[in-house]
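Worksheet for the structure shown next.
Naming convention: chains lettered A, B, ... in sequence-line order (proteins, then strands); numbering from 1 in each chain. We use all heavy atoms of the structure for the numbers below, so side chains are in, but hydrogens, waters and symmetry mates are not.
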Protein chains: 2
Amino acid sequence: MKAHLLYVEDDKSLSFVTRDNLEHQGYRITHCINGSEALEVIKREQFDLCIFDVMLPDVDGFTVAKEFRKFDTEVPIIFLTAKSLKEDRIHGLKLGADDYMTKPFSIEELILKIEVFLRRSKITNPKSPIRFRLGKYLFDHANLNLSTPEEEKQLTQKEADLLRFLIENKNKVLKRSAILESVWGEDDYFLGRSLDVFISRLRKYLQKDEHIRIENIHGVGFRLQED
Amino acid sequence: MKAHLLYVEDDKSLSFVTRDNLEHQGYRITHCINGSEALEVIKREQFDLCIFDVMLPDVDGFTVAKEFRKFDTEVPIIFLTAKSLKEDRIHGLKLGADDYMTKPFSIEELILKIEVFLRRSKITNPKSPIRFRLGKYLFDHANLNLSTPEEEKQLTQKEADLLRFLIENKNKVLKRSAILESVWGEDDYFLGRSLDVFISRLRKYLQKDEHIRIENIHGVGFRLQED
DNA sequence: ATTCTTGTTAATGTGCTGTTAATGCTTAAA
DNA sequence: TTTAAGCATTAACAGCACATTAACAAGAAT
């Protein structure tokens, strides 16, 4: 799996060269040309590392980092700063940045730094985060949070457990008994009625994306379908 | 558990100040005044982080790092370099360094960098960082002090411990059991009632900033939310 | 000895969750 | 086509989880 990098930089010529180099290095790059674009992207995509220019035409890199840290406290952030002001560097580090580079920087050095951080986050964070992407939704099981770029929905534990079980068996038919065993811990006729209610609720939460559907297989169970 | 740092530096006056600062910050420091001494020390002691000056009277910092990496590939290494030569920096990074700082450096910045790496290695330092910023509040855990520009509130040890745990896991859902384990040391139903009381107190202390909220996740736990 | 501080327990009121119930619709077998 | 069982959705509800304030007990400070 390629590492996915978020690169926010408004300078066209610099970003072209950098992006080209990083892609050539084998990374998948998502590039934003300003802060507000970045703010949208971080809501709906997942990254392994971020590179933020501090100086941006609209929302500055610090603000982007601050927002980003609300979603994720683990993913490394590297700041690019034109001036080498001590205050800027300290401010960045306090915001949860992991490093900064002063422009102009050497691409070779940037790549080395990226590798350092990616190596390290693999060591310290071997378990993949319990976040799933489902259509336009992002589902964070640990935080019981189901969000789209527009809004955010807080789930209950059971709702989240059920949704997770469905996602982990996406496009597969799940028997009622299997769902009840897995999510409720026991299989019982009356719990089946509860399951119906929960399915109904999840359907409502997921109706913002027409490619996502929870289908019923009559007499058998359910299937979370994505197309 | 205090984090144990290896600091190799020959400049007497600089190393005295740095060491003093780092110890005051709550770290345990082993200081070597030259490379060969460092080579001995790394064979018999264990460290959580290394700080190597590149220029040393005998064996240079790069060589020390190289030797050190034979024993340990995980522990972060920060180089201190007098000149800001690109080649030096790249050489360091290739040797398995994680970062470098150019002399003269700000001690505040060094401490922040150390924090960044230790945080990733999950080594928690009881005294660090001394202060957290939370909305309009400034929280000093060591001094049990929570202050706004207007007023100041003295916390109790438990209040401070709890607040710190919440801050360190800001915007994340924390299970009751996890909080009790971490702050009280044991997970027990009746302590849960105590936790409720403490949450309630913290809420009162934090009500001056409407962007800060301690939310309850029914049946799960709590989340300190900042927006 | 007494006062203060601090963490726990108690008391009381509120709110949320999962289940059950009610109602109408759909499916598939007779 | 009929009919019984299965499913969908909304509403209602009981039980428990939580919030808040007050009272209390044990230890520390004076």
Report the distance from atom [atom1] of [X] to atom [atom2] of [N], rounded to the nearest whole Å.
X         : N       : atom1 : atom2 : answer
His218(A) : dA4(D)  : NE2   : P     : 15 Å
Arg201(A) : dA12(D) : CZ    : P     : 14 Å
Leu174(B) : dC18(D) : CG    : P     : 14 Å
Phe198(A) : dT10(D) : CZ    : P     : 15 Å
Arg193(B) : dC18(D) : CZ    : P     : 7 Å
Tyr189(A) : dC7(D)  : OH    : C1'   : 10 Å
Leu195(B) : dA17(D) : CG    : C1'   : 12 Å
Asn216(A) : dG6(D)  : CG    : P     : 12 Å

After noting the C-alpha distance and the side-chain angles of Phe132(B) and Tyr137(B), does the key distance pass the ring-ring contact (aromatic ring centres under 6.0 Å, His included) rule?
CA-CA 8 Å; Phe132(B) 301 88; Tyr137(B) 292 94; over 10 Å; no
Side-chain donor or acceptor of Glu159(A) paired with backbone N/O of Thr156(A) under 3.5 Å
yes
Could you tell me whether [X] contacts a base, only the sugar-phosphate backbone, or nothing, with contacts defined as non-hydrogen atoms closer than 4.0 Å?
X         : answer
Phe190(B) : sugar-phosphate
Arg176(B) : sugar-phosphate
Leu191(B) : sugar-phosphate
Phe222(A) : sugar-phosphate
Thr156(A) : sugar-phosphate

Distance alone, cut at 3.5 Å: any donor-acceptor contact between the side chains of Thr63(A) and Asp60(A)?
yes
Pair Asp98(B) + Arg69(B), salt bridge at N-O below 4.0 Å
yes
Hey, are Arg176(A) and Asp196(A) close enough for a salt bridge, meaning a charged N less than 4.0 Å from a carboxylate O?
yes
Between Phe117(A) and Phe117(B), what is the ring plane arrangement, given parallel below 30°, perpendicular above 60°, and tilted in between?
parallel
Once you measure the plane-to-plane angle for Phe62(A) and Phe79(A), does it fall in the parallel (<30°), tilted (30-60°) or perpendicular (>60°) bin?
perpendicular
Closest to the 5' end of DNA chain C, once Gly219(B) and Leu155(B) are matched to their nearest nucleotides, is Leu155(B)
Nearest nucleotide by nearest heavy atom, which residue falls closer to the 5' end of DNA chain C, Trp184(B) or Gln157(A)?
Trp184(B)
Side-chain atoms of Asp196(B) come closest, of dT9(D), dC7(D), dA19(D), to dA19(D)
Nucleotides bounding contact with chain B, strand DNA chain C, heavy-atom threshold 4.0 Å
dT6(C) to dT17(C)
